[in-house]
Each structure stands twice: as structure tokens, then as C-alpha cells.
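Worth knowing before you read on, the calculation uses all heavy atoms, side chains too, and leaves out hydrogens, waters and symmetry mates.
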Amino acid sequence: MKVPAAAAALSLSGLVAGNPVELTERQSCPNVYVFGARETTAPVGYGTSQGLVNQVVAAYPGAGSEAISYPACGGQSSCGGISYDNSASQGTAAVVRAVTSYNQRCPNTQIVLIGYSQGGQIMDNALCGGAGATLTGAALNAVKAAIFLGDPHYRVGLPYNVGTCQAQGFAARPAGFVCSPASSDRLKSYCDSTDPYCCTGNDANSHQQYVNKYGSQALAFIKSKLSSTGGGNPVTSSVAPPAQTSAPPAQTSAPPNNGGGSGCSVVRWAQCGGQGWTGCTVCASGSTCQAANQWYSQCL
């Protein structure tokens, strides 16, 4: 039986309109997309990198962001007992996969990487080598700026260093290290002398302050590396983009300096102790202060 052309057209339009998956797959790529990676033992999401991720997204209307999914562990039972080296290795591979996949879907989008502590280390690895595969080709070229905050790979003398540290982190790059395959002019690594993780200090609280202290400076650097004309081209993807990972708001400032006295309370996930800690040690109802290591305890 011959179907009238008008009826066929109506039938086809009904199928298209009724196929939300196909419509979802047709996405509009933003000019800027930010990947953030959390520090060791931080809950799933962006961790302390959240503050700078938010600043970049706010500076570029329509920009998107995504948290790298990896263990972020250092042997603690709270994150499955995965060793630090194993976690960092998995994290490095996760960065390479996530950035490469996104670049394939949105080849003109400019990508920014922001990593905190172990999160900085895995992004450092993905760009500069040292732990398996690195970003290459178009995906590497799409990364216009990368910020490492409290990165244990820190070593004094590297051309992209910022801060007061004149030593090195506990997982320092070797003497004479040269970043490859990424260009070092796209990187900034922030570390202060008081930090016990990226340097040789003994103030664990200073490790959590890089967004507060250097956030504006880091944002200015990122802006200097991004073009106002990149991205924005709609493409059709064979798969839907990955779901955004939400996270509790990051604690971006130190708790009140009132020790364990009455009236103070530390929100869940924030720091509550550790050697040298002078802030509040009382966790809000529903959480307890648990030690991650000698220098850092948090409300969990």
C-alpha cells in the first residue's frame, strides 16, 4: 500500500520528536571546559579544586566542568585502602581517558586542568609523563592551561613553579626534570615552604589554602592562555556526554581559630586536626574527626 508523502513526513517527524536520546546526543560544545581533580581522601567530586574551577566557569559564560573520577586514596580505609601509587596511576589514566574522550566530541573546545594535591600530581603525570600514558596529539593541544595546587611532584627550579617552596615534595620530580610532551608555558604549580606535602614544611593547614591565596593569580594566568574565539561548534556525538559529578561545597577557608573550645564546629569533610593544626577540632553533628595521617585529620 502506498503511503501518502504527507503522512510519511508526519510519521517521521513524530519518531524524531519522540527520540530524546538522539536529541541529547546532539550537543553544543562550549568555548571552555574545565577538568578538576580532588586531593587524597576528599569525597567524590572536585575537592578543594572546586573553588578555582568555579572561578573559571564563572569567568566564561557557558563553560562546562567535570570532576575526574579516581580513587584519591593513600591507603586509608575510608577510600578502600588503595595505595597512593596505585591511586595516582589510576588517576593519571583517568585524566588521559577523560580529556581524550571529550576532545573527540568537542575538538574545538579549549580545556583547562586544575588539580589539587594528588589531583595535581595525576594531571602533572598526564601532561609531563612519569606514570604511564600521557595526553598526545589533538587532546594534548586542546589543553590550554593547567594548574597544579600543592602537587607532591613539586621540585624547586622548574620553570612553572609559583610560591615560596625552595625544596621538593614527597614525590618530587628528579633533578633536571623537563616536562614532556606538554609545553611548560601552559603550566603553573603552586607550593609554599610551609606545606608538608609539596614541600618540606610542617603546617598541614597551609596545604589547603592555595585557592584562597593564589586563586586570582591562577585565574589571570588561565585567562591569558585562552582565546575568546575557540569552541562553540555544535557536533553530533555517538554517545551522550558523561554525567556531571556533583560534590559537597569545598571548604575553602580555614575554620575559626578557636581550637576545641565551645561554640566552634567544623563542617563535614573539612580539616579538624593534625600536627600544627590550631583551628577548631569539634566536628558538626553526624561526623567525627578522623586522622588521615600525622598532619591531617578531617570530619567524616
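- Under the disulfide bond (SG atoms under 2.5 Å apart) criterion, the residue pairs touching residues 110-139 are Cys128-Cys179, with sequence neighbours excluded.
- For residues 121-165, the set of pairs meeting the ring-ring contact (aromatic ring centres under 6.0 Å, His included) definition, not counting sequence neighbours, is empty.
- Note on residues 159-181: pairs passing salt bridge (charged side-chain N to carboxylate O under 4.0 Å, His left out), not counting sequence neighbours, are Asp124-Arg173.
- Side-chain polar atoms of Gln76 and Thr41 form no donor-acceptor pair below 3.5 angstrom.
- For the 3.5 Å distance criterion, the side chains of Ser83 and Asp85 fail to qualify, holding no donor opposite an acceptor.
- Atoms CD1 and CD, from Ile114 and Gln55 in turn, are 8.5 Å apart once rounded to the nearest 0.5 Å.
- Partners of Arg155 according to the salt bridge (charged side-chain N to carboxylate O under 4.0 Å, His left out) rule, which considers only residues two or more places apart in sequence or in another chain, do not exist here.
- Under the 2.5 Å cut-off for SG-SG separation, Cys283 and Cys289 do not qualify: their sulfur atoms lie farther apart than that.
- For the pair Ile82/Gln90, a side-chain contact is recorded, criterion being any heavy-atom separation below 4.5 Å from C-beta on.
- Asp192 is not listed as a side-chain neighbour of Ser206, based on a closest heavy-atom distance of 4.5 Å or more.
- Side-chain contact between Leu127 and Thr134 is absent, with no heavy-atom pair separated by less than 4.5 Å.
- A 4.5 Å side-chain heavy-atom check between Lys144 and Gln110 finds at least one atom pair inside the cut-off.
- Rounding to the nearest 0.5 angstrom, the gap separating the CG atom in Leu52 from the CG atom in Leu219 is 6.5 Å.
- Under the 4.5 Å side-chain criterion, counting only non-hydrogen atoms from C-beta, Pro181 is in contact with Leu140.
- The SG atoms of Cys191 and Cys199 lie 2.5 Å or more from each other.
- Partners of Phe35 by ring pair (Phe, Tyr, Trp, His ring centres under 6.0 Å), not counting sequence neighbours, listed by chain and number: Tyr33.
- Two residues are said to be in side-chain contact when any heavy atoms from C-beta on lie closer than 4.5 Å; Ser117 and His207 meet this criterion.
- Counted by atom type alone, Asn125 and Thr92 present one or more donor-acceptor pairs between their side chains at under 3.5 Å.
- Between the side chains of Ser78 and Gln290, no donor N or O sits under 3.5 Å from an acceptor N or O.
- Evaluation of the ring-ring contact (aromatic ring centres under 6.0 Å, His included) test over residues 162-191, restricted to residues two or more places apart or in two chains, returns Tyr84-Phe170, Tyr190-Tyr214.
- With a 4.5 Å cut-off on side-chain heavy atoms, Phe221 and Lys188 count as touching.
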